[in-house]
Structures are given as C-alpha cells and as structure tokens.
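These notes concern the structure reproduced below.
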Amino acid sequence: MADEAAYRQWRESAKAVKAIAADDSLALWEKARKVNQAYAGLALEGLQSKHRHKVLAAFGKVNSVFAKYTINSFDDYQQMSDGDLREIVATVRALVPPKAK
C-alpha cells in the first residue's frame, strides 16, 4: 500500500535535488555529495513497488559509479572525474516522483 507521506518526502527530496543541481555557487563534487544526501531516509517501504524499483535502480546506477572509487570522506568526492560527478547528479536529478493526484 502506498503511503502519501513517503511520496511527499520523495517530492521534497526531488525539489531539493533540483535546487542543488541549479546552484552555481557549489562545485560539481559538492553537488554530487548533496544530491545523494537529499534522498537519505526516504521511506522506500511506503512507495508502490514500481516506484520503489525506480528509486533502487537509480541508486544502483549511482553506486556503480562510486564503485570505481574509494570514498572515505566527503573530501574524496573531489578526486572523482567530472564525467562521473555529472552522471551522479544527472541520475539523481532524473529521479522524479509521479505527479500528485
């Protein structure tokens, strides 16, 4: 059963990601770090199965990018290639919830 609070949280996370991605005062590595944090604690169990799979697939893609690196601290993001950082930001930014009814 879908939980409206989970979808509200997803919408808030997506809105935060959009703002982070558009913030020109942030370095690319900071954007990549912050877009992931925007989804911390998302209540996946409250989403419909198809939406839960969408979220998990997106973060699986992000994790495959991270697998190339050893990330022990936030500073380690600075060692990542710009292409990989852009892929992370784009993947998370594309993770938009369905339109509210």
Side-chain angles (χ1 to χ4, degrees):
M1 170 139 258
D3 177 6
E4 183 53 39
Y7 283 91
R8 184 174 36 259
Q9 184 184 17
W10 187 3
R11 287 189 297 274
E12 290 167 1
S13 295
K15 183 178 177 181
V17 166
K18 186 176 179 181
I20 291 163
D23 188 345
D24 291 332
S25 71
L26 295 174
L28 186 55
W29 69 268
E30 290 176 296
K31 290 180 183 187
R33 178 179 62 82
K34 288 182 177 225
V35 295
N36 284 315
Q37 287 179 332
Y39 276 94
L42 179 62
L44 294 175
E45 67 278 358
L47 302 178
Q48 291 179 18
S49 178
K50 66 182 178 182
H51 297 139
R52 185 172 42 254
H53 288 293
K54 177 180 178 177
V55 171
L56 292 172
F59 281 102
K61 187 175 180 181
V62 168
N63 285 339
S64 71
V65 174
F66 280 127
K68 301 181 212 176
Y69 302 93
T70 301
I71 305 292
N72 293 316
S73 72
F74 294 138
D75 293 332
D76 292 336
Y77 280 77
Q78 295 178 62
Q79 307 307 315
M80 297 176 72
S81 76
D82 283 356
D84 285 341
L85 292 168
R86 278 194 279 288
E87 183 176 354
I88 290 168
V89 172
T91 300
V92 178
R93 188 160 190 237
L95 189 55
V96 295
K99 299 286 184 202
K101 293 181 182 179

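Please read these numbers as outputs of a predicted model, since none were measured by experiment. Heavy-atom basis, side chains included; hydrogens, waters and symmetry copies ignored.
By the neighbour-count criterion of 12 heavy atoms within 6.0 Å, atom NZ of Lys61 is sparsely surrounded, having that number or fewer from other residues, nucleotides or ligands. For Lys68, the NZ atom counts as densely surrounded, since its 6.0 Å shell holds more than 12 non-hydrogen atoms of other residues, nucleotides or ligands.
Between the side chain of Tyr39 and the backbone N or O of Leu95, at least one donor-acceptor pair lies under 3.5 Å. Checked by atom type and distance alone, the side chain of Tyr77 never pairs as donor or acceptor with a backbone atom of Ile71 at under 3.5 Å. A side-chain donor-acceptor contact under 3.5 Å links Asn63 to the backbone of Phe59. A distance-only check finds no donor-acceptor pair linking the side chain of Lys31 to the backbone of Leu85 [under 3.5 Å]. A distance-only check finds a donor-acceptor pair linking the side chain of Asp76 to the backbone of Ser73 [under 3.5 Å].
Residues Val17 and Arg93 come closest through the heavy atom pair CG1-CA, 3.6 Å. For Arg11 against Pro97, the heavy-atom pair with the smallest separation is CG-CG, 3.5 Å. In terms of heavy-atom proximity, Thr91 sits nearest to Ala58 at CG2-O, 3.5 Å. In terms of heavy-atom proximity, Ser81 sits nearest to Tyr69 at N-OH, 3.1 Å. Closest of all the heavy-atom pairs between Ala43 and Ala6 is O-CB, 3.5 Å. Listed here is the closest heavy atom pair of Ala38 and Ser13: O-OG, 2.8 Å.
A distance of 9.0 Å separates NZ of Lys34 from CH2 of Trp29, quoted to the nearest 0.5 Å. Annotation: the span from Ile88 atom CD1 to Phe66 atom CZ amounts to 4.0 Å, rounded to 0.5 Å. Put simply, NE2 on His51 and CH2 on Trp10 are 5.5 Å apart, with the number rounded to the nearest 0.5 Å. The NZ atom of Lys54 sits 10.5 Å away from the CG atom of Leu47 when rounded to the nearest 0.5 Å. Remark: Glu30 CD to Gln37 CD distance equals 11.0 Å, nearest 0.5 Å. The CD atom of Gln79 sits 13.0 Å away from the CG atom of Asp84 when rounded to the nearest 0.5 Å.
Leu44 and Val96 are assigned to two separate hydrophobic clusters, defined by single-linkage of ILVMFWY side chains at heavy-atom distances under 4.5 Å.
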- Message: Determine whether Met80 and Val65 satisfy the following criterion, side-chain contact (heavy atoms from CB on, under 4.5 Å), listing intermediate values before the conclusion.
- Response: CA-CA 10 Å; Met80 297 176 72; Val65 174; 4.2 Å; yes
